[in-house]
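Okay, so here's the structure we're looking at.
Because only heavy atoms are used, hydrogens play no part in the values below, and waters and symmetry mates are left out as well, while side chains stay in. Counting begins at 1 with the first residue of the sequence.
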Amino acid sequence: MRAELIVLLATAGSAAAGPLFEPRPMPPHQYTGGWEHFVGGGLAAFDCNGDALPELYAAGGSSPGQLFVNTSAPGGTLTYEAATPDALSLTAVTGAYPLDIDGDGLLDLAILRAGPDMLLRGLGGCRFAPFEGLGFESGGHWTTAFSATWEAGQRLPTLAFGTYVDRSNPDGPFEACDDTLLYRPDGDRYGAPQLLTPGFCALSMLFTDWNRDGRADLRISNDRHYYVRGGQEQMWAMEPQPRLYSEAEGWARYNLWGMGIASRDMNGDGYADVYLTSMGDQKFQMFDPDASGPAYRDVTYGYGTTAHRPFMGGDGRPSTGWHAAFGDADNDGLNDIFVTKGNVEQMPDAAMKDPNNLLMQQPDGTFLEAAEAAGIATLERSRGAVFQDLNLDGKLDLAVVNRRADLELYENTGLAGNWLLVDLAADAPNARAIGAVIEVEAAGRMHTREITVGGGHASGSAVAQHFGLGTAETLRLRVIWPDGETSSWQDVSANQRISVSR
């Protein structure tokens with residue numbers, strides 16, 4: 001049995017109340033461009049200079065992407081400054097996901113583009129350069145989704161790039177969805193990608209170990225607007241030859257204009273549930289652990305999470321949801337849901353004044369809208385976002401990329417309950433323990449968190465995992481590592497950031 005080392009990194013505390021977000025100044029940045037940038041507009045959060053404070057990298061579309069370095073004092077006022085190295089000043093960027101590809105302890109970046117995608121190696125000090133010797137080659141696809149996982153025995157992660165329409169198809173864009181590209185490593189290199197066919201214009205994807213059997217499968221949310229016939233949500237079983245799960249196995253045929261996936265265990269049964277954004281109503285689905293396959297039941301209306309029309313602004317047309325994220329905005333021990341909203345461009349059947357949502361979970365499990373009271377109900381055309389603790393004070397902050405409007409930054413200054421931040425570290429190659437599960441037991445409630453790369457809408461985070469704890473001051477924590485080895489339960493005090501190393 002290997003030992004787990006817990007290192008205490010920071011402490012703080014606060015009383016219980018509700019979320020209140022205050023805007024903080026940011027250097028100007030907008031997601032711009034023509035129809036190739038109607039979708040995308042992602043935002044990545046990760047520490048690239050070793051101070052534990054997350055930097056932000058924002059996609060720019062036809063404008064250059066920008067890196068914003070976190071200049072906050074830990075626990076202090078949230079501040080950023082623009083400091084973009086040449087390697088990240090790229091145009092045609094639709095999104096980005098941080099991950100440690102080579103297992104050296106430094107975060108790298110998978111850059112999604114309307115054009116060749118890029119894998120950039122982190123060099124420390126927020127410097128980046130293209131990987132050499134990996135064999136990764138990307139065509140000129142229009143990439144709008146990404147996820148990664150470590151398959152058993154591999155030295156490199158398996159990468160999935162979800163593409164939108166084939167821009168070169170003269171009969172497109174309708175019926176012109178490209179395939180998903182799956183890069184499985186061969187030793188220390190990548191060969192040509194495997195095509196996951198059919199592709200239905202993926203806008204979000206996530207490798208997730210949905211049944212806790214040790215293997216992550218690939219869930220894909222697709223944009224129905226462009227595939228029109230025969231398309232649906234997909235779940236690929238990651239067998240030696242990947243295959244789609246069937247209805248006979250429990251996978252229900254599901255059609256929506258899918259934009260983003262958020263995944264988290266919401267009812268304490270140890271299995272991840274999902275929230276899916278769409279044009280029109282958003283979908284909240286709970287996993288059925290009694291089924292023999294990947295079966296999810298829709299609970300949207302009963303839980304009050306449909307968010308199908310703007311709640312302010314006077315525009316009664318249907319909403320358009322993009323990025324979705326679970327998180328405990330007031331640290332009451334209940335996970336809330338943040339959703340970005342915004343018209344694709346000038347679609348007449350969809351709302352133009354479409355505020356972002358903050359759906360706050362109530363003790364009975366239902367949700368109530370709180371974005372206006374919390375101070376984040378702007379009416380820009382939002383796309384990607386980060387809903388994370390950016391200044392390490394134990395409260396979730398917010399950054400939002402907008403189409404043709406400035407990026408927004410909000411610091412959570414409301415009173416909140418107790419909290420815990422958890423980092424995981426493991427030996428190479430999977431140095432950030434992707435696929436591990438953190439279990440936290442506090443005040444009679446079990447919190448289960450799967451460590452993943454992917455989901456959202458073109459936006460990824462590699463930061464400490466945040467747990468809201470309510471009034472609990474002590475808790476128990478254990479880690480189930482990617483190979484299934486389980487640590488012993490350890491007693492931990494609330495209101496600190498800890499690192500669990502294998």
Side-chain angles (χ1 to χ4, degrees), residues 1-13 47 52 99-100 103 105 149-154 157 207-216 263-273 287 289 326-328 331-335 388-389 392 394 417-453 461-502:
M1 174 76 69
R2 299 182 183 179
E4 281 78 21
L5 173 65
I6 289 186
V7 182
L8 309 187
L9 300 175
T11 62
D47 172 26
L99 71 162
D100 187 354
T149 191
W150 264 260
E151 297 188 89
Q154 296 296 337
F207 280 111
T208 176
D209 184 3
W210 55 272
N211 62 350
R212 305 284 300 273
D213 70 350
R215 186 189 75 190
S263 176
R264 184 161 296 185
D265 176 17
M266 294 294 285
N267 59 2
D269 67 356
Y271 297 94
D273 310 298
F287 177 71
F326 289 115
D328 190 344
N331 290 347
D332 65 351
L334 303 172
N335 281 296
Q388 301 285 359
D389 183 1
L392 304 184
N418 295 323
W419 53 273
L420 184 72
L421 293 173
V422 183
D423 284 301
L424 297 186
D427 293 335
N430 184 6
R432 294 186 68 87
I434 304 304
V437 173
I438 302 171
E439 294 183 336
V440 169
E441 185 180 60
R445 179 182 295 271
M446 181 66 74
H447 305 263
T448 304
R449 192 72 50 81
E450 181 186 12
I451 309 303
T452 59
V453 178
S461 296
V463 300
Q465 295 293 316
H466 172 272
F467 295 85
L469 302 175
T471 59
E473 296 181 352
T474 59
L475 55 105
R476 296 198 310 155
L477 178 147
R478 72 175 183 178
V479 177
I480 303 170
W481 298 97
D483 64 0
E485 183 178 328
T486 302
S487 74
S488 58
W489 286 103
Q490 301 191 45
D491 294 327
V492 178
S493 298
N495 300 323
Q496 61 181 328
R497 176 172 170 257
I498 67 174
S499 178
V500 184
S501 298
R502 186 163 181 182

Exercise for the section: Taking all heavy atoms of Asp269 and all of Asn267, pick out the closest pair and write down the distance. Expected result: OD1-OD1, 2.9 Å

Problem - Pairwise distance CG(Leu99) to OG1(Thr452) - rounded to 0.5 angstrom - result: 11.5 Å

Handout entry: Close side-chain approach of Asp273 and Asp265, heavy atoms under 4.5 Å
Key = yes

Exercise for the section: Spell out, as yes or no, whether a donor-acceptor pair under 3.5 Å connects the side chain of Asp47 to the backbone of Ala52. Expected result: yes

Handout entry: Residue of the set Val440, Thr474, Asn331 for which side chain to side chain contact (heavy atoms under 4.5 Å, CB included) holds with Leu469
Key = Val440

Practice task
Answer whether the closest heavy-atom distance between the side chains of Trp481 and Asn430 falls below 4.5 Å.
Solution key: no

Practice task
Answer whether the closest heavy-atom distance between the side chains of Val500 and Leu477 falls below 4.5 Å.
Solution key: yes

Fill in the blank from the handout: Heavy-atom nearest pair, Asp328 first then Gly468, reads OD2-CA, 3.3 Å

Handout entry: Close side-chain approach of Arg432 to Ile451, heavy-atom, < 4.5 Å
Key = no

Fill in the blank from the handout: d(Trp419 CH2, Arg497 CZ) to nearest 0.5 Å is 9.5 Å

Fill in the blank from the handout: Closest heavy-atom pair, Ser493 versus Leu420, reported as atoms and distance to 0.1 Å, is O-CD1, 4.0 Å

Practice task
Taking Arg212 for its side chain and Gly270 for its backbone only, find out whether a donor-acceptor pair lies under 3.5 Å.
Solution key: yes

Handout entry: Donor-acceptor contact present, side-chain Ser487 to main-chain Val479, <3.5 Å
Key = yes

Practice task
Can you see which heavy atom on Ala272 is nearest to which on Ser263, and at what distance?
Solution key: CB-OG, 3.4 Å

Practice task
Have a look at Asn418 and tell me which of Asp332, Thr471, Asn495 forms a side chain to side chain donor-acceptor pair (under 3.5 Å) with it.
Solution key: Asn495

Problem - Minimum side-chain heavy-atom gap Pro157-Ile434 below 4.5 Å - result: no

Problem - N/O donor-acceptor pair under 3.5 Å between Glu450 side chain and Asp209 backbone - result: yes

Practice task
Measure from the side-chain N and O atoms of Arg476 to the backbone N and O of Glu439, and report whether any donor-acceptor pair falls under 3.5 Å.
Solution key: no

Problem - Rounded distance (nearest 0.5 Å) linking atom CG of Leu475 with atom CZ of Phe467 - result: 9.5 Å

